[in-house]
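Only this structure's heavy atoms are used, side chains among them; waters, hydrogens and symmetry mates stay out. Both counts, for ligands and for their atoms, begin at 1 and track the order of listing. Numbers for residues simply follow the sequence, beginning at 1.
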Amino acid sequence: MPHKDWIYPAYRIIASCVFQEHGIPTDMGYAVAPHHSGVYPVHSQLYEAWKSVWGIKVTSTEEYPHLRPARYRRGFIHNGIQVLPRQTCGLFTHTIFYKDYPGGPQELDKSIRGGELFLTVLLNPVSIFMTHLSNYGNDRLGLYTFESLVRFVQCWTHLRLQTLPPVRLAHKYFQIFPDERDPLWQNPCHDKRHKDIWSKEKTCDRLPKFLVIGPQKTGTTALHSFLSLHPAISSSYPSPITFEEVQFFSGPNYQRGIDWYMDFFPVPSNVSTDFLFEKSANYFDTETTPKRAAALLPRAKIISILINPADRAYSWYQHQRAHQDPVALNHTFDEVVSAAPSSPASLLSLHRRCLQPGAYSSHLERWLHHYQPSQLLIVDGVQLRSGPAQVMDAIQKFLGVTPYFNYTQALTFDESKGFWCQKLEAGRSRCLGKSKGRKYPDMSLESRAFLSEYYREQNVELLRMLKRLGQPLPVWLRDELHNASWS
Ligand code: A3P
């Protein structure tokens, strides 16, 4: 027999001793914000205040992810406070007399007797409603509505109705819906109600117009520095905690919320012509990133750089060694790539982290699940390295950024570094630091042959995908597949 958890009526916490005098429970760990403000879209200060002043653990909202359609309302947990989805019961501050119910009293009765309110209880395993004090005075429509509803449900269904106090109800809710714990942040300015609820002090302009998603070791730092030379393009501020990159969508920073994210961006002087961007190279291959990025930045453009996945893996391995990773220091590259399931866990972990980002077509498919092909640009990393000015021209076109910036004049090839760098006055140049463009021996032929085979299927898929998308084929991919077909 199906059962229902049902909380009736919702509790409002008002710091007043009047409630205590009358035995009305006020210390239930549950609160609803005045005018619903700040529960969603999240106003971080509200959560902080609730936690530190009243020890609030549970709240509810009708707004996550949106007010309508009501059946899509979901819960989430933010900053330790469990937010439950709230349903609408049709009683508001102004609906206090039966005969004056909007559309006539029959509308309220219809909703109870098989209509919307009945269906809400029928279709939601957990229903939370909020009524107002005024619904308990006057014609007591609060009592009338819910008593009638309970009678109707009991008469016509086998549902077992239960009520639970808020903290236990929240526990139960997230037991039933464990996938809902992590919120999916959206742009508050894309929903008029959300914009109105949000603080007037806040703006949605401090969000990137495009993302450079990686993967790591393909030239993402070079691209970031070239982009930053453009007068209309501004990067996020460097993060002191995650190697300069913001890494919002890919890990625990996401739980900090969009205020935290927006603080990494300057307020643009002209929203339509200024291009804010962010580069986090692990976005490319982290499973949750495309979905989260598309929820907050559905119109963003996405730039990925690809080099031969074997070269990428080797560069990453050298990077780990340079950072004194003990497993990389103790194992040759050949050992890392050919690690078998029986190898030590630490070696297997390095093997996975080294090779997994190179499964390019699988990762890109995930991005294409959330973004239109026209929003995605795949840059050939070999070309970026050998002729960045042409690549930067293509990127400017893809972004639609103006004014045109002449990278042929802005960049120069630095012989001693062996890479393209920013051209300064008097024949000088500014190159990336020592950690980019490292010197190390060539990859062994055995490892190259092994990785060629290892990535063959993914590379073939990538070729198909790029043809399907009408994107140019990187020279390294043609070479790789051509060589592989002869081996
Ligand atoms: P190596 O150090 O293995 O040569 P990322 O910035 O994504 O970590 O990528 C680092 C790689 O960018 C370097 O790998 C280097 O080959 C490549 N790169 C491309 N253009 C570069 C440039 N102008 N200066 C330095 N490195 C560049």
Residues Lys397, Asp393: salt bridge by 4.0 Å N-O rule: no
Identity and separation of the nearest protein heavy atom to atom 14 (O) of ligand 1: Ser315 OG, 3.6 Å
Numbered atoms and elements of ligand 1 in range of Leu432, under 4.0 angstrom, heavy atoms: 24 (N), 25 (C)
Backbone or side-chain N or O of Arg438 under 3.5 Å from ligand 1 N or O: yes
Nearest neighbour in protein (non-hydrogen) for atom 2 (O) of ligand 1: Gly437 N, 2.9 Å
Residues Glu457 and Arg464 bridged, charged N to O under 4.0 Å: no
4.0 Å heavy-atom contact, Gln318 with ligand 1: no
Any side-chain heavy-atom pair of Arg73 and Glu62 under 4.5 Å: yes
Per-residue contact class, Thr221 against ligand 1 - non-hydrogen pairs under 4.0 Å: both
Under-4.0 Å salt bridge between Asp311 and Arg448: yes
Quiz item: cation-pi between Lys301 and Phe398, 6.0 Å / 45°: yes
Under 3.5 Å: donor-acceptor pair, side chain of Asn124, backbone of Val126: no
Whether Tyr360 and Trp476 hold their rings parallel, tilted or perpendicular, with breakpoints at 30° and 60°: perpendicular
Min N/O separation Leu384 to ligand 1 under 3.5 Å: no
Protein heavy atom at shortest distance from atom 16 (O) of ligand 1: Arg385 NH1, 3.2 Å
By side-chain hydrogen bond (donor to acceptor under 3.5 Å, both in side chains) - contacts of Ser269 (at least two apart): Asp274
Atom indices of ligand 1, in the order listed, that fall short of 4.0 Å to a heavy atom of Trp420: 22 (C), 23 (N)
Contact with ligand 1 for Tyr440, non-hydrogen, under 4.0 angstrom: yes
Proximal atoms of ligand 1 relative to Thr218 (non-hydrogen, under 4.0 Å): 7 (O), 9 (O)
Heteroatom proximity flag, Thr220 to ligand 1, N/O under 3.5 Å: yes
Test item: Phe210 and Ile233 side chains (from C-beta on) under 4.5 Å apart, heavy atoms: yes
Heavy atom of the protein closest to atom 8 (O) of ligand 1 (residue, atom name, distance): Lys436 NZ, 2.9 Å
Element-labelled atoms of ligand 1 that are located less than 4.0 Å from some non-hydrogen atom of Ala222: 20 (N), 21 (C), 22 (C), 23 (N)
Distance-only side-chain donor-acceptor flag, Arg366 / His369, under 3.5 Å: no
Any N/O pair Phe419/ligand 1 closer than 3.5 Å: no
Protein contact to atom 12 (O) of ligand 1 [nearest heavy atom, distance to 0.1 Å]: Gly219 CA, 3.2 Å
